[in-house]
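Model, not experiment: these values are computed from the prediction. Reminder, nothing fancy here: chain letters follow the sequence lines and each chain counts from 1. Keep in mind that the numbers below use all heavy atoms, side chains included, and drop hydrogens, waters and symmetry copies.
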Number of protein chains: 2
Amino acid sequence: MTNKNSNKDACNCNVIHEDVVNKVKAKMPKEEKLYDLADLFKVFGDSTRIKIIYSLFEEEMCVCDIATTLGMSHSAISHQLRVLKSAGLVKFRKDGKVVYYSLDDEHVKNIFDQGFSHISHK
Amino acid sequence: MTNKNSNKDACNCNVIHEDVVNKVKAKMPKEEKLYDLADLFKVFGDSTRIKIIYSLFEEEMCVCDIATTLGMSHSAISHQLRVLKSAGLVKFRKDGKVVYYSLDDEHVKNIFDQGFSHISHK
DNA sequence: TTTTCATATGAATAATTGTTCATATGTTCA
DNA sequence: TGAACATATGAACAATTATTCATATGAAAA
């Protein structure tokens, strides 16, 4: 009882199905991938960003148009666009002082459609 | 300048593309749906819950097995399972004092696969 | 080159969310 | 029945995330 290191109090029950635990551990993706995945979904976990993405499903928009559409401040939209950009979800092009944002990912529509199915039939 | 109500300072620029704004507004899903969608993704936005879901992709597991697999306390797992349950993502069956959890949604696998594609090719 | 305007950013505050610890519930087996 | 155990839950604290306000940047037009 000397060397029960690390998660010594993580599990003190007897119902461990070792085969199941081993199988699941073997199939589990790399820790890093799991964090990245959680981070991606975190980005989707805010209704302002959801609205921005839905807007961009239609066509590219400038910051001002998005702010007007959502009835929010430029600053707030700009902050959220930065989050979307650093997640690799939107790209932009500049035309003079106006910046046009558009979607930069083919998976998002699909993910949203699936998510929509889930919340709709429950 | 008397009746500029509600979001009076939401947009004071001149680059509003009215047609775009109107089109996007018309296609935007109901506010309530957007919140529900954000709430669903919020659930996916935590790596512990991601790990639990990945575990359950393989087969049903009891709380103890999950805790052992992830090296976490029963309490922590139990709390997260409650979140997953109230989002309609997992179901459970009881066998004596052991509770077995399993996935209760066909969309999750798909959503995760798409998410994985996104993080993988960037 | 100064003013105006679209967008971006930093820092402070507010709000939300996760984790831990202590304790409760409910089932089994002696 | 009561001791042992698997799981659940409430409340306190810690950590993360969003929002706001003030100000900065950088392009265009006067």
Side-chain angles (χ1 to χ4, degrees), chain A residues 7-17 20-21 35 38-52 60-87 90-102, chain B residues 7-17 20-21 35 38-52 60-87 90-102:
Chain A
N7 50 0
K8 69 178 197 315
D9 55 356
C11 197
N12 54 354
C13 64
N14 311 314
V15 212
I16 302 173
H17 305 79
V20 173
V21 170
Y35 275 102
D39 283 342
L40 175 65
F41 288 129
K42 243 175 245 172
V43 173
F44 296 145
D46 176 86
S47 62
T48 297
R49 289 192 292 265
I50 292 262
K51 286 176 194 171
I52 294 176
E60 68 169 17
M61 292 176 88
C62 65
V63 176
C64 180
D65 282 348
I66 299 173
T68 306
T69 304
L70 307 195
M72 294 179 70
S73 75
H74 293 181
S75 178
I77 299 298
S78 189
H79 274 295
Q80 300 298 2
L81 281 169
R82 194 158 64 92
V83 175
L84 291 171
K85 191 153 69 69
S86 69
V90 301
K91 59 181 190 288
F92 65 91
R93 68 179 180 87
K94 291 192 178 182
D95 182 11
K97 48 186 169 179
V98 182
V99 180
Y100 292 93
Y101 282 86
S102 57
Chain B
N7 51 358
K8 68 178 197 322
D9 56 356
C11 196
N12 54 354
C13 65
N14 311 313
V15 212
I16 301 175
H17 305 81
V20 173
V21 171
Y35 276 101
D39 282 342
L40 175 64
F41 289 129
K42 241 173 247 173
V43 173
F44 295 145
D46 177 85
S47 63
T48 298
R49 289 192 293 264
I50 292 261
K51 286 176 194 171
I52 293 176
E60 68 170 18
M61 292 176 88
C62 66
V63 176
C64 181
D65 282 348
I66 300 173
T68 305
T69 304
L70 308 195
M72 295 180 69
S73 75
H74 293 181
S75 178
I77 299 299
S78 189
H79 274 293
Q80 301 298 2
L81 282 170
R82 194 158 64 94
V83 174
L84 291 171
K85 191 151 69 71
S86 68
V90 301
K91 59 181 190 289
F92 64 92
R93 70 178 178 88
K94 291 192 177 182
D95 183 11
K97 49 187 169 179
V98 182
V99 180
Y100 291 93
Y101 283 87
S102 57

*Asks:* Report each atom pair, protein N/O against N/O of nucleotides 8-15 of chain C, whose distance is under 3.5 angstrom.
*Replies:*
from: C:dA8; atom 1: OP1; to: A:Tyr101; atom 2: OH; distance (Å): 2.6
from: C:dA8; atom 1: OP2; to: A:Ser78; atom 2: OG; distance (Å): 3.1
from: C:dT9; atom 1: O4; to: A:Ser75; atom 2: OG; distance (Å): 2.8
from: C:dG10; atom 1: O6; to: A:His79; atom 2: NE2; distance (Å): 2.7

*Asks:* With rounding to the nearest 0.5 Å, note down the distance linking CG in A:Asp65 to CD1 in A:Ile77.
*Replies:* 11.0 Å

*Asks:* Output side-chain donor-acceptor pairs under 3.5 Å for residues 92-99 of chain A, partner residues at least two apart or in another chain, one line each.
*Replies:*
from: A:Arg93; atom 1: NE; to: A:Glu60; atom 2: OE1; distance (Å): 3.1
from: A:Arg93; atom 1: NE; to: A:Glu60; atom 2: OE2; distance (Å): 3.3
from: A:Arg93; atom 1: NH2; to: A:Glu60; atom 2: OE2; distance (Å): 2.5

*Asks:* From CD1 of A:Ile77 over to P of C:dT7, roughly how many Å is that when rounded to an integer?
*Replies:* 11 Å

*Asks:* Tell me whether the OP1 or OP2 atom of C:dT17 has a side-chain N or O from B:Gln80 closer than 4.0 Å.
*Replies:* no

*Asks:* I would like to know whether A:Tyr100 and B:His17 meet side-chain contact (heavy atoms from CB on, under 4.5 Å); could you show each step before the answer?
*Replies:* CA-CA 12 Å; A:Tyr100 292 93; B:His17 305 81; 3.3 Å; yes

*Asks:* By side-chain contact (heavy atoms from CB on, under 4.5 Å), which residues pair with B:Ser47, not counting sequence neighbours?
*Replies:* A:Tyr35, A:Ala38

*Asks:* What integer distance in Å separates A:Ile50:CD1 from D:dT17:P?
*Replies:* 16 Å

*Asks:* Between A:Arg49 and A:Lys97, which has a closest nucleotide on DNA chain D that is more 5'?
*Replies:* A:Arg49

*Asks:* Nearest heavy atom decides the nucleotide; on that basis, is A:Gly96 or A:Asp46 closer to the 5' end of DNA chain D?
*Replies:* A:Asp46

*Asks:* Which residues pass the side-chain contact (heavy atoms from CB on, under 4.5 Å) test with B:Ser75, sequence neighbours left out?
*Replies:* B:Ser73, B:His79

*Asks:* When the distance from CG of B:Leu84 to P of D:dT7 is rounded to whole Å, what number comes out?
*Replies:* 16 Å

*Asks:* Using atom OH of A:Tyr100 as one end and atom C1' of D:dA27 as the other, report the distance to the nearest whole Å.
*Replies:* 14 Å

*Asks:* What is the separation between atom CZ on A:Phe41 and atom C1' on C:dT17, rounded to the nearest whole Å?
*Replies:* 18 Å

*Asks:* To the nearest Å, how far apart are B:Asp95 CG and D:dC5 P?
*Replies:* 18 Å

*Asks:* Could you check A:Thr48, A:Ile66, A:Val43, A:Leu70 and say which one makes a side-chain contact (heavy atoms from CB on, under 4.5 Å) with A:Gln80?
*Replies:* A:Thr48

*Asks:* If only side-chain N and O atoms of B:Lys42 are considered, is one of them under 4.0 Å from the OP1 or OP2 phosphate oxygen of C:dT16?
*Replies:* no

*Asks:* Could you work out, with side-chain contact (heavy atoms from CB on, under 4.5 Å) as the rule, every residue matching B:Val90, not counting sequence neighbours?
*Replies:* B:Leu56, B:Leu84, B:Lys85, B:Tyr101, B:Leu103

*Asks:* To the nearest Å, how far apart are A:Met72 CE and D:dC21 P?
*Replies:* 12 Å

